[in-house]
Enquirer: 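Sharing a structure with you now.
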There are 2 protein chains.
Amino acid sequence: MRDRRSGYGECPNEEGCPVEYTLDVIGGKWKGVLLYHMIEGPIRFNEFRRICPTITQRMLTLQLRELEEDGIVNREVYPQVPPKVEYSLSEFGSTLVPIILEMKTWGEKHKKLSSIAAR
Amino acid sequence: MRDRRSGYGECPNEEGCPVEYTLDVIGGKWKGVLLYHMIEGPIRFNEFRRICPTITQRMLTLQLRELEEDGIVNREVYPQVPPKVEYSLSEFGSTLVPIILEMKTWGEKHKKLSSIAAR
DNA sequence: CTGGATCCCTTTCGATACTG
DNA sequence: CAGTATCGAAAGGGATCCAG
């Protein structure tokens, strides 16, 4: 199972920096990306797979589960055939949007530059 | 050695989302935290260790090296005895500050809440 | 379509000891 | 003080098969 956070709990010093706390929540390898794609609205499992072809099914499931456990995303199952499951930002998850958008802005700006400089 | 990024390069589709790109740069487990502490000014190796007692010396070295390779931090060595090395945000690294500050704000806000809910 | 379960290799990471 | 080196444990992650 997922070990509960990077030290809060055992760690007695309560001054653990706020950034560390935030990264505990959204620091997963793919979480930022997944949250980003949910900003526009609910999104289905296989839509994620199309949008992020490099993430494996397994990882997608695991990361979504963790986000769900943390109350950041809602998972809505439509009992029908074929099954349909939609993921969306919870109210709590929405408070993270400013962070994600800052990341988006920065990424847009510097991705171009680095693709010019190439390597 | 550090493998070059999560797919950019091999991945032909150039639409890789900007958030993914950003996370490639600051997504390391401790990078956000380290950047955060450098906002206030240059900081020495052992200062980091005092501030973040849970990060091991090894990890601290590795993460700082990666940040240096990416041009985000400057590493200044003072040739003296005992040695003194200072790490600081580069001009490029400074462009990340808004993201870090958003993380700080969010963390401050929600750390309290969750410490009340406790467990 | 949306996953769960398993196998297994790779990478990460912590602990410890050592160095200029 | 600011690291490097090495080792073993743990976690990450891909591939494949199966199921409601």
Side-chain angles (χ1 to χ4, degrees), chain A residues 1-11 20 23-34 37-38 42-69 73-88, chain B residues 1-8 10-11 20 23-34 37-38 42-70 73-88:
Chain A
M1 283 317 79
R2 183 143 96 99
D3 69 46
R4 223 45 216 152
R5 305 321 192 203
S6 70
Y8 294 105
E10 317 107 58
C11 189
E20 194 169 343
L23 286 174
D24 260 342
V25 178
I26 60 167
K29 186 170 182 184
W30 294 97
K31 289 182 185 175
V33 179
L34 298 182
H37 291 300
M38 279 183 285
I43 182 169
R44 298 179 60 174
F45 190 80
N46 271 12
E47 289 188 280
F48 276 125
R49 299 190 65 184
R50 263 197 307 282
I51 299 172
C52 317
T54 57
I55 185 171
T56 62
Q57 182 192 55
R58 175 189 149 88
M59 280 302 105
L60 182 55
T61 302
L62 290 176
Q63 298 278 292
L64 286 171
R65 285 286 174 281
E66 291 194 2
L67 290 171
E68 195 189 350
E69 282 176 25
V73 311
N74 293 132
R75 177 171 180 269
E76 177 147 18
V77 182
Y78 296 83
Q80 62 184 45
V81 179
K84 172 179 171 182
V85 180
E86 275 188 347
Y87 296 88
S88 58
Chain B
M1 287 311 82
R2 183 145 96 98
D3 71 45
R4 224 48 234 198
R5 304 319 189 206
S6 71
Y8 294 108
E10 318 106 57
C11 189
E20 194 169 343
L23 285 174
D24 259 343
V25 178
I26 61 169
K29 186 171 181 183
W30 294 97
K31 289 182 183 174
V33 178
L34 299 182
H37 291 301
M38 279 183 285
I43 183 170
R44 298 179 59 174
F45 191 81
N46 272 11
E47 288 187 279
F48 277 124
R49 299 190 64 185
R50 264 196 308 281
I51 298 172
C52 317
T54 56
I55 186 172
T56 62
Q57 186 188 49
R58 175 190 149 87
M59 280 302 104
L60 182 54
T61 302
L62 291 175
Q63 297 278 291
L64 286 171
R65 285 286 176 282
E66 292 194 359
L67 290 171
E68 196 190 348
E69 282 174 26
D70 287 336
V73 310
N74 294 133
R75 178 172 179 270
E76 177 146 20
V77 182
Y78 297 83
Q80 63 184 42
V81 180
K84 173 179 171 181
V85 179
E86 275 187 349
Y87 295 88
S88 58

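Every chain is numbered from 1 and lettered A, B, ... according to where its sequence line falls, protein lines coming before strand lines.
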Enquirer: Can you figure out which of C:dT2, C:dG14, D:dA2 approaches the side chain of B:Arg75 most closely?
Expert: D:dA2
Enquirer: Look up atom CD1 in B:Ile55 and atom CZ in B:Phe48, then write down how far apart they are to the nearest 0.5 Å.
Expert: 8.5 Å
Enquirer: Taking CD from B:Gln57 and P from C:dA17, how many angstroms apart are they, rounded to a whole number?
Expert: 13 Å
Enquirer: Output the rounded distance in Å from CZ (A:Arg65) to P (C:dG3).
Expert: 6 Å
Enquirer: Look at the side chain of A:Phe45 and decide which nucleotide, out of C:dT2, D:dA2, C:dG14, has an atom nearest to it.
Expert: C:dT2
Enquirer: So, is B:Tyr87 near the phosphate of D:dC1, with a side-chain N or O under 4.0 Å from OP1 or OP2?
Expert: no
Enquirer: Choose from D:dG20, C:dC13, C:dG20 the nucleotide whose nearest atom is closest to any side-chain atom of B:Met59.
Expert: C:dC13
Enquirer: With rounding to the nearest 0.5 angstrom, report the CG to CG distance, B:Asp70 to B:Asp24.
Expert: 9.0 Å
Enquirer: Report the distance from atom CG of A:Leu62 to atom P of D:dA15, rounded to the nearest whole Å.
Expert: 15 Å
Enquirer: With rounding to the nearest 0.5 angstrom, report the NE2 to SG distance, A:His37 to A:Cys52.
Expert: 4.0 Å
Enquirer: Relative to the 5' end of DNA chain C, which residue comes earlier, B:Ile55 or A:Glu86, by the nucleotide with the nearest heavy atom?
Expert: A:Glu86
Enquirer: Send over the distance from A:Leu60 CG to C:dG3 P, rounded to a whole Å.
Expert: 8 Å
Enquirer: Of the non-hydrogen atoms in A:Arg44 and A:Pro83, which two are nearest, and what is the gap between them?
Expert: NH2-O, 3.6 Å
Enquirer: With A:Leu62, which of A:Arg65, A:Arg58, A:Glu66 fulfils side-chain contact (heavy atoms from CB on, under 4.5 Å)?
Expert: A:Arg58
Enquirer: How many Å lie between CG on A:Asn46 and P on C:dT2, as a whole number?
Expert: 4 Å
Enquirer: Among A:Thr56, A:Thr54, A:Leu64, which residue meets the side-chain contact (heavy atoms from CB on, under 4.5 Å) test with A:Trp30?
Expert: A:Thr54
Enquirer: Heavy-atom nearest nucleotide on DNA chain D for B:Pro82 versus A:Thr56: which residue maps closer to 5'?
Expert: B:Pro82
Enquirer: Can you measure A:Trp30 atom CH2 to D:dG12 atom P for me and round it to whole angstrom units?
Expert: 15 Å
Enquirer: OP1 or OP2 of C:dT2 versus the side-chain N and O atoms of A:Arg49: is any pair under 4.0 Å?
Expert: no
Enquirer: For D:dG12, take OP1 and OP2 only and decide whether either is under 4.0 Å from a side-chain N or O of A:Lys29.
Expert: no
Enquirer: Establish, with yes or no, whether the OP1 or OP2 oxygen of C:dG4 is under 4.0 angstrom from a side-chain nitrogen or oxygen of A:Arg58.
Expert: no
Enquirer: Provide, to the nearest angstrom, the distance between the CD atom belonging to A:Gln63 and the P atom belonging to C:dG3.
Expert: 14 Å
Enquirer: Go through the steps for A:Ile51 and A:Ile43 under the test side chain to side chain contact (heavy atoms under 4.5 Å, CB included), then give the verdict.
Expert: CA-CA 11 Å; A:Ile51 299 172; A:Ile43 182 169; 3.6 Å; yes
Enquirer: In whole Å, I'd like the distance from the CD atom of A:Glu68 to the P atom of C:dG4.
Expert: 10 Å
Enquirer: Contact class for B:Phe48 vs. all strands (heavy atom < 4.0 Å): base, sugar-phosphate, or nothing?
Expert: nothing
Enquirer: Between the axis at one end of the helix from C:dC1-D:dG20 to C:dG20-D:dC1 and the axis at the other (five pairs apiece), what's the angle to 10 degrees?
Expert: 50°
Enquirer: Do the side-chain N or O atoms of B:Thr61 get closer than 4.0 angstrom to the phosphate oxygens (OP1, OP2) of D:dG3?
Expert: no
Enquirer: Taking side-chain hydrogen bond (donor to acceptor under 3.5 Å, both in side chains) as the test, write out the residues that go with B:Arg75, two or more places apart.
Expert: B:Tyr87
